[in-house]
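Since the structure is predicted, the reported quantities are computational estimates derived from the model, not experimental observations.
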Amino acid sequence: MKISKAFSGIALTAVAALALSGCAGGGGSDPEVADSPEFAEGTTMAALADAGTITVGTKFDQPLFGLSGPDGNPEGFDVEIAKIIAGELGIAPENIEWKETVSQNREPFIQDGQVDIVVATYTINDERKEVVDFAGPYYVAGQSFLVPSGNPKGITSDPTTLGDATVCTVTGSTSEDNIREYTDNIITVDKYSDCIEPIRSGQADALTTDNVILAGLVDQNDGEFEVVDGTFTEEPYGIGLSLGDDEFRAFINDTLEASFTDGRWEEAWTSTVGDNLALPEPPTIDRY
Ligand code: GLU
């Protein structure tokens, strides 16, 4: 990775100007792109840099983290994190190929090579680590509940108090695994946005998943819903990659760590989630 000092200085100035001009909360910024970076032969980094493109799996229906934008390209914090990694490989945002992943196809997409990385509100856990590897975390979310405004069922973030409430969640997510420990009154769908209609129709009383995904859906649906206070799990978000590709994992971890201190990670947050949620502290990378 070789970003010249002068170039990164210019890029950061541009980023600061963007933030000042009120673009925060929009579709993100353009993180700097390394100029002809060099990597050891035979590595995934060298192959991607040579190809000049990377295929990234992300969500297309999750406002603030990964939402398909007006031009078809996704926007959000996950998208910006992927752009930072691509940039370090010398790949400009317009040369990233975005592929929609839903919760349950993230591991298979990595395993069969349909994507090079997954950046998709993807919790690092031991079960998944049996089939894919993770760099990160780059953010830590927590599971909670979205309910109709006014919270008619009095749902709290303590799942032991759910009573007879029916909750909607997504197949293949940790949200589903976690909530199954507390109730059998569950409707499962493919995407979190598919839980909105069941709640509107009264078929479900709540949607349960990570608080930041819920915050995005509240923001998208103008006063119709709210998120209850508190969380009952920890969801460290990682970047999924092929099992056993330790060099690529170390490279992504190095990139994330650098972005935590040089302003790129903060800019990724500010330009996407910034208006809705306070800036968190960057987490500690887990180099397992
Ligand atoms: N972070 C959780 C997971 O990876 C829930 C969000 C999602 O399904 O993307 O399963």
When Tyr192 is tested against each of Thr209, Thr121, Thr169, Thr208 for side-chain hydrogen bond (donor to acceptor under 3.5 Å, both in side chains), which residue passes?
-> Thr209
Test of ring centre spacing under 6.0 Å for Tyr138 and Phe260 = no
Does Phe60 have its ring centroid less than 6.0 Å away from the ring centroid of Trp98?
->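 So the answer is no for these two rings.
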Donor-acceptor pair, [X] side chain versus [Y] backbone, under 3.5 Å?
X	Y	answer
Asn95	Ile91	no
Thr58	Val119	yes
Asp133	Leu241	no
Thr43	Ala46	yes
Asn211	Gln143	no

Where is the tightest heavy-atom contact between [X] and [Y], given as atom of each residue plus distance?
X	Y	answer
Ile199	Pro148	CG2-CG, 3.9 Å
Gly136	Ile124	C-CD1, 4.0 Å
Ser68	Gly72	OG-O, 3.4 Å

Do [X] and [Y] sit within salt-bridge range, that is, some charged N less than 4.0 Å from a carboxylate O?
X	Y	result
Glu88	Lys83	no
Glu267	Arg264	no
Arg249	Asp254	no

[X] side chain near [Y] side chain, heavy-atom distance below 4.5 Å:
X	Y	value
Phe39	Leu48	no
Leu256	Ile239	yes
Lys153	Leu162	no
Thr188	Val170	no
Val218	Leu146	yes
Val56	Lys99	no
Val115	Glu97	no
Arg128	Arg106	yes

For [X], does the [atom1] atom have more than 12 heavy-atom neighbours from other residues, nucleotides or ligands under 6.0 Å away?
X	atom1	answer
Glu94	CD	yes
Asp112	CG	yes
Glu247	CD	no
Asp184	CG	no
Gln220	CD	yes
Glu234	CD	no
Glu224	CD	yes

Verify whether one side chain among [X] and [Y] offers a donor that lies under 3.5 Å from an acceptor in the other.
X	Y	result
Tyr122	Glu235	no
Asp61	Ser193	yes
Thr171	Glu176	no
Asp190	Gln104	yes
Lys59	Ser103	yes
Thr231	Ser157	no
Tyr237	Asp78	no
Gln62	Asp210	no
Thr123	Asn125	no

If Ile, Leu, Val, Met, Phe, Trp and Tyr residues are connected whenever their side-chain heavy atoms lie under 4.5 Å apart, and connections chain through other members, are [X] and [Y] in the same group?
X	Y	answer
Phe77	Ile117	yes
Ile252	Ile96	yes
Val227	Tyr139	yes
Ile85	Trp265	yes
Phe65	Leu279	yes

Quick one: [atom1] on [X] to [atom2] on [Y], what's the gap to the nearest 0.5 Å?
X	Y	atom1	atom2	value
Asn253	Asp286	CG	CG	8.0 Å
Leu207	Ser175	CG	OG	8.5 Å
Cys195	Ile187	SG	CD1	7.5 Å
Phe225	Leu217	CZ	CG	8.5 Å
Tyr288	Asp246	OH	CG	8.0 Å
Thr255	Leu89	OG1	CG	7.0 Å

Tell me, with the steps shown, if Glu38 and Ser36 meet side-chain hydrogen bond (donor to acceptor under 3.5 Å, both in side chains).
-> CA-CA 6 Å; Glu38 279 172 27; Ser36 309; over 6 Å; no
Quick one: list whatever passes side chain to side chain contact (heavy atoms under 4.5 Å, CB included) with Ala206, sequence neighbours left out.
->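 Counting only residues at least two positions away or on another chain, Ala206 forms a side chain to side chain contact (heavy atoms under 4.5 Å, CB included) with Phe145, Val147, Ile155, Val167.
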Checking Lys129 against Phe134: charged group under 6.0 Å from the ring centre and within 45 degrees of the axis?
-> no
